[in-house]
Amino acid sequence: MIPEYLVSFDTGLLPVEEADILIVGSGIAGLRCALALQGTKTVLVSKGGLENTCTYNAQGGIAAALDHGDSPEKHLEDTLVAGAGLNNRAAVEVLVREGIQRVSELMEWGLKFDTAGQRLHFGREGGHSCSRILHSLGDATGQAVASFLWKMVTSSGIKVITDLFLVDLLAEEEGVRGALLLDTEKKKLLVVKSNNIILASGGAGQIFQETTNPAAITGDGQAAAYRRGAELTDLEFFQFHPTTFYLAGAPRFLISEAVRGEGGYLRNSSGQRFMSDYHRLAELAPRDVVTRAIIDQMKKTNSTCVYLDLTHLPKGRVRRRFPAIDSFCRSYGLDITRDLIPVRPAAHYFMGGIRTDLWGQTSIPGLYAVGEVACNGVHGANRLGSNSLLEGLVFAVRAAEHVRGRQCRPGRTTKWRYRFPQTGDILIDREDLKRSIKSLMWRYAGTERNRVDLTAALEKIENWERYAFLKEFHEPGGFESQNMLILSGLIINAALRRQESRGAHFRTDFPETVNTWKKHIVISRQDFFLTEAL
Ligand code: SIN
């Protein structure tokens, strides 16, 4: 039912650009990769430019074992505990060791991290056994880092083209050969021919009704790779952030975990603190525990949210540490030093993704994936907060190094042609389809799952697929709705198969973690198999 490609095309009739390396995505992973590829004929394309990435919107900082008394071993241990038995230990070793070098070089290049007096300031977040989170511009770290890298890349000679949407990948048996892109301004297709493509297109939070992710994050890279036959893994693991701003009509703005790290309390609608009933670390318990505790309290008190309380903390410190949260809440009439902040969970980070090795190589030769679109096992079943920007930096550089040394066989195919199965014109309101997917995923495949709900959700997705792929769209919103549909089906499939609870995947009908499930589910268009956790 899912077509081979989303549109009809003939590459012989389309404008063609050639690149040694094509990078798709302009978050931290794409930008850092581009920097590491200076001097090559690299083109970086992006659908939304700088600001529409998760990196730019990230409030949490970058975790790195740089403080006295901290060590890569401690960082490794915390990451493994959070990952609930599914991390690839070798990937975590790489992350915590090479991460130190990647963060140090940012400072050498001139990026300023926040300090306390003369020394770097290290913040605390749930799951970290010590304070190790570096911030820049307080809670606007993502913006600071992304803008810094963007400036370096755009003045480095690397060609950057925004407003290009990845429609599909072109590949033959020997490997990837290019990408079919839509110029969203001119509304025209074009081809970038390249034997090396690095996907850094981010996660897929938009498939859920409640999400911290920007509107552009619709899983396009994962879905395009799936259509070409790439292996995807750990798709049942989607992290829900416990605290996003919740006010009718307001965006789901993240209220950083660092707020609880600074001593913020969670209170239910009766004003009671509740986290110590659920975990010995109270507000600093792992994210999945805090998320489920909040859902439980919302049910028990019949309310739509709980509250974050910072009113007992020194006002000056709160405003200094959280300028973005302060200013956002003010625009809705709330003073965070006096008022409680209404919050509830939202989809935040996709641990699963395109399966890669430690150099970002996917199962398709020449196709690499780095950052949130990829799954190299570094996060296991639950990501430790502030490890994702670090992952972007570390694995981007590794992929760039690998691609530089790669010898590839010359391509055989010079022209690709595809005719989308013509079935007559059918009216599909893509925004309505997106809303329906988001609502279904939130209700039936969100923070708590069970067989009955997941089965019902899968039936619906399969039903929608029956007509949604009869339509050949010519604009990004339509492709996005189809990509969201593909990925939702895959996530539900994986969630149904994993008959246990682990990390971010919680089954009310299988609430225990089961040792025999210390395995990864791998899905591709042709195949399905399990692999042992490494
Ligand atoms: C946060 O600031 O709470 C989010 C940080 C992260 O997801 O790593």
Side-chain angles (χ1 to χ4, degrees), residues 27-29 53-64 75 78-79 82-83 95-96 99 103 113-114 121-128 131-146 202-205 208 210-214 217 237-246 252-264 266 275 281 283-291 294 308 310 318 321-326 328-329 336 341 343-351 371-372 378-394 503-504:
I28 193 164
T53 60
C54 283
T55 300
Y56 188 86
N57 291 280
Q59 292 179 11
I62 306 186
H75 190 183
D78 293 345
T79 303
L95 178 85
V96 297
V103 172
F113 285 107
D114 298 343
H121 174 264
F122 293 92
R124 184 88 187 252
E125 276 182 22
H128 289 273
S131 299
R132 70 162 66 94
I133 322 293
L134 289 167
H135 291 92
S136 182
L137 303 180
D139 54 4
T141 306
Q143 186 179 333
V145 176
F208 292 97
E210 307 286 327
T211 181
T212 60
N213 291 188
I217 308 301
F237 297 111
F238 212 111
Q239 184 172 73
F240 296 87
H241 195 289
T243 57
T244 48
F245 190 74
Y246 184 71
R252 296 293 173 263
F253 184 80
L254 183 77
I255 307 292
S256 175
E257 190 161 318
V259 165
R260 282 173 282 129
E262 284 289 321
L266 277 167
M275 272 314 301
L281 292 174
E283 275 84 356
L284 288 183
R287 267 181 202 178
D288 57 310
V289 176
V290 183
T291 294
I294 291 176
L308 262 171
L310 284 73
V318 167
R321 274 289 289 114
F322 305 113
I325 295 174
D326 185 25
F328 178 86
C329 289
I336 61 171
I341 311 171
V343 290
R344 72 179 203 169
H348 183 55
Y349 187 88
F350 200 4
M351 273 76 70
E372 195 173 345
V378 79
H379 303 304
N382 201 13
R383 180 182 59 97
L384 185 66
S386 289
N387 264 357
S388 45
L389 294 182
L390 190 68
E391 183 205 356
L393 292 173
V394 168

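Note: hydrogens, waters and symmetry copies are ignored here, and every other heavy atom, side chains too, is used. Numbers here simply count residues along the sequence, with the first being 1. We count ligands from 1, going down the list as the structure has it; atoms in each ligand are counted the same way.
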Self-check item: N or O contact, G385 vs ligand 1, cut-off under 3.5 Å
Solution: no
Quiz item: Numbering the atoms of ligand 1 from 1, which are under 4.0 Å from a heavy atom of E257?
Solution: 1 (C), 2 (O), 3 (O)
Self-check item: F113 side chain near V103 side chain, heavy-atom distance below 4.5 Å
Solution: yes
Quiz item: Taking side chain as C-beta onward, heavy atoms only, is Y349 less than 4.5 Å from T212?
Solution: no
Quiz prompt | Numbered atoms of ligand 1 (with element) below 4.0 Å of H241, judged on heavy atoms | solution = 1 (C), 3 (O), 4 (C)
Practice problem: On the 0 to 90° scale, with breaks at 30° and 60°, tag the H75-H128 ring pair as parallel, tilted or perpendicular. | Solution: tilted
Quiz item: What is the closest protein heavy atom to atom 8 (O) of ligand 1, and at what distance does it sit?
Solution: S386 N, 2.6 Å
Exercise. Could you tell me whether some N/O pair between E125 and ligand 1 is separated by less than 3.5 angstrom?
Key: no
Quiz item: At what distance is the nearest protein heavy atom to atom 6 (C) of ligand 1, and which residue and atom is it?
Solution: R287 NH2, 3.2 Å
Quiz item: With atoms numbered from 1 as shown, which atoms in ligand 1 lie under 4.0 angstrom from a non-hydrogen atom of H348?
Solution: 4 (C), 6 (C), 7 (O)
Quiz item: Just checking, any donor-acceptor pair under 3.5 angstrom between side chains of Q239 and N382?
Solution: yes
Exercise. For the residue pair F238 and F350, categorise the inter-ring angle as parallel (less than 30°), tilted (30 to 60°) or perpendicular (more than 60°).
Key: parallel
Quiz item: Which residue owns the protein heavy atom closest to atom 2 (O) of ligand 1, what's the atom, and how far is it?
Solution: S256 OG, 2.6 Å
Practice problem: Please could you name the atoms of ligand 1 that L254 approaches to less than 4.0 Å, counting only its heavy atoms? | Solution: 1 (C), 2 (O), 4 (C)
Practice problem: Flag the pair E125 and R287 as a salt bridge only when some basic side-chain nitrogen lies within less than 4.0 angstrom of an acidic carboxylate oxygen. | Solution: yes
Self-check item: Short N or O distance, R383 and ligand 1, threshold 3.5 Å exclusive
Solution: yes
Practice problem: Compare all side-chain heavy atoms of L310 with those of R321 and state whether any distance is below 4.5 angstrom. | Solution: no
